[in-house]
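A quick write-up on the structure given underneath.
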Amino acid sequence: MIDSAPEKKLQEFEERIARGEKIEPGDWMPDEYRRQLIRMISQHAHSEVVGMLPEGAWIPHAPNLRRKMVLMAKVQDEAGHGQYLYHAAETLGISREEMLDALLAGRAKYSSIFNYPTLAWADVAWIGWLVDGAAIKNQTMLAQCSYGPYSRAMVRICAEETFHYKQGKEMIVKYMTTGSDAQKAMVQDGLNRWWWPMLMMFGPHDSDSPNSPVLMRWGIKTRSNDDLRQEFINEEIPEVLALGLTIPDPDLLFDETSKTWQIGPINWDEFWQVVRGNGPMNAERLAARQKAHDDGRWVREAVAAYAEKVASSKYASGK
Ligand code: FAQ
């Protein structure tokens, strides 16, 4: 629903977007533009932070020192992405506390993909290749979005995600070209479990995506969920098949006329179950975030007390 902003301001706002100008925090914007951005950026920030958990669980079990260092760097990057994104959302007038309260109370969403378990080491590699790959596809679009702070955060995040994608793909290629039969089987098993949830990351079909029309009208999204999913499928399927892997989709076919890969139906019942909090790992993920929040309380209190002390001593000395 578009708010009742004065027509002239709305017209100027839309003209700025049409000219490709960025909207900045102090600028006039419709309430609905602000609300949509807070919704999307905060969900995105939560996804980065919750997204540390599935891979973070494997840091103590990495097969060698190099893999451990790479994985630690990747997981730390995701924490950094969460920081950029929480900051970007704060420029719209919501506080970090409000966003975290919404996450911990189960009111805020985060990406469905992080509610699936990482059962084997190869899952870490698939997250790098396919999950980061899907995230990059979506975020490259968001780097063009009309809101300046979000768009700029995306530029930096995409550069880091590209490294994540490459390290995941490098692992899969290595296991499939020089690995043992057991390693190849581990990789195929991971693909079987991550393929469909990864395709769900792009969101519901365009016909079932209530937010898309207004997001596209105001240049927050510039491409649709299905459009991005299809481009991703077309790019990645040949690479996966070239390694001798099987995509777990009996209906998969290459359409010679459109030169695109056609997939079978996505299980949207499963998607909505996960989004509503009933996925395999939803409860565990939120419990882990709650514990981290509780364990970090003393740090937040210490920082607040120090800031107060500095402010009062400046006041006392008249500086
Ligand atoms: N999971 O109307 P639409 C990453 C919800 S970052 C959960 O189509 P929209 C990095 C949606 O919120 C991954 N919920 O929604 C990493 C809406 O509900 P609401 C996260 C979903 O916003 C890698 C309802 O369904 N990326 O992976 C999902 O137009 C590795 C209707 O849907 C972002 O957040 C879903 N998959 O399009 C980290 C990017 N899909 O809010 C660690 C920014 C939809 O009205 C390791 N977000 N829903 O109650 C976006 O681009 C969009 O929000 C979409 C959804 C494309 C996700």
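Given the structure is predicted, the values throughout are model-derived calculations rather than measurements. Ligands are counted one by one from 1 in listed order, and the atoms in each one are counted from 1 as well.
- Tested against Lys137, the residues Glu236, Glu231, Glu161 include a single salt bridge (Lys or Arg N to Asp or Glu O under 4.0 Å) partner, Glu231.
- A distance below 6.0 Å separates the ring centres of His205 and Trp268.
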* Go through the steps for Ser146 and Tyr33 under the test side-chain hydrogen bond (donor to acceptor under 3.5 Å, both in side chains), then give the verdict. => CA-CA 10 Å; Ser146 58; Tyr33 180 82; 2.8 Å; yes
List, pair by pair, the atoms of ligand 1 and of the protein that are both N or O and lie under 3.5 Å apart, giving the separation rounded to 0.1 Å.
from: ligand 1; atom 1: 1 (N); to: Ser112; atom 2: N; distance (Å): 2.8
from: ligand 1; atom 1: 1 (N); to: Ser112; atom 2: OG; distance (Å): 3.4
from: ligand 1; atom 1: 2 (O); to: Ser209; atom 2: OG; distance (Å): 3.2
from: ligand 1; atom 1: 2 (O); to: Pro210; atom 2: N; distance (Å): 3.3
from: ligand 1; atom 1: 2 (O); to: Asn211; atom 2: N; distance (Å): 3.0
from: ligand 1; atom 1: 2 (O); to: Asn211; atom 2: ND2; distance (Å): 2.9
from: ligand 1; atom 1: 8 (O); to: Ser209; atom 2: OG; distance (Å): 2.6
from: ligand 1; atom 1: 8 (O); to: Asn225; atom 2: ND2; distance (Å): 2.9
from: ligand 1; atom 1: 12 (O); to: Arg39; atom 2: NH1; distance (Å): 3.4
from: ligand 1; atom 1: 12 (O); to: Gln43; atom 2: OE1; distance (Å): 3.0
from: ligand 1; atom 1: 15 (O); to: Asn211; atom 2: ND2; distance (Å): 3.4
from: ligand 1; atom 1: 18 (O); to: Lys109; atom 2: NZ; distance (Å): 3.4
from: ligand 1; atom 1: 22 (O); to: Arg39; atom 2: NH1; distance (Å): 3.1
from: ligand 1; atom 1: 22 (O); to: Arg39; atom 2: NH2; distance (Å): 2.8
from: ligand 1; atom 1: 29 (O); to: Lys221; atom 2: NZ; distance (Å): 2.6
from: ligand 1; atom 1: 36 (N); to: Ser112; atom 2: OG; distance (Å): 3.1
from: ligand 1; atom 1: 36 (N); to: Met201; atom 2: O; distance (Å): 3.2
from: ligand 1; atom 1: 37 (O); to: Lys221; atom 2: NZ; distance (Å): 3.2
from: ligand 1; atom 1: 41 (O); to: Arg39; atom 2: NH1; distance (Å): 2.8
from: ligand 1; atom 1: 41 (O); to: Gln43; atom 2: NE2; distance (Å): 2.8
from: ligand 1; atom 1: 45 (O); to: Asn211; atom 2: ND2; distance (Å): 3.0
from: ligand 1; atom 1: 49 (O); to: Lys109; atom 2: NZ; distance (Å): 2.5
from: ligand 1; atom 1: 51 (O); to: Asn138; atom 2: OD1; distance (Å): 3.4
from: ligand 1; atom 1: 51 (O); to: Asn138; atom 2: ND2; distance (Å): 2.9

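- Checked for salt-bridge contact, Lys259 and Asp255 miss the test: no charged N lies under 4.0 Å from a carboxylate O.
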* Candidate pair Tyr116 and Asp123, rule side-chain hydrogen bond (donor to acceptor under 3.5 Å, both in side chains), full reasoning -> CA-CA 10 Å; Tyr116 290 85; Asp123 293 15; over 6 Å; no
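- Classification of Arg66 and Glu170 as a salt-bridged pair holds, one side-chain N sitting under 4.0 Å from a carboxylate O.
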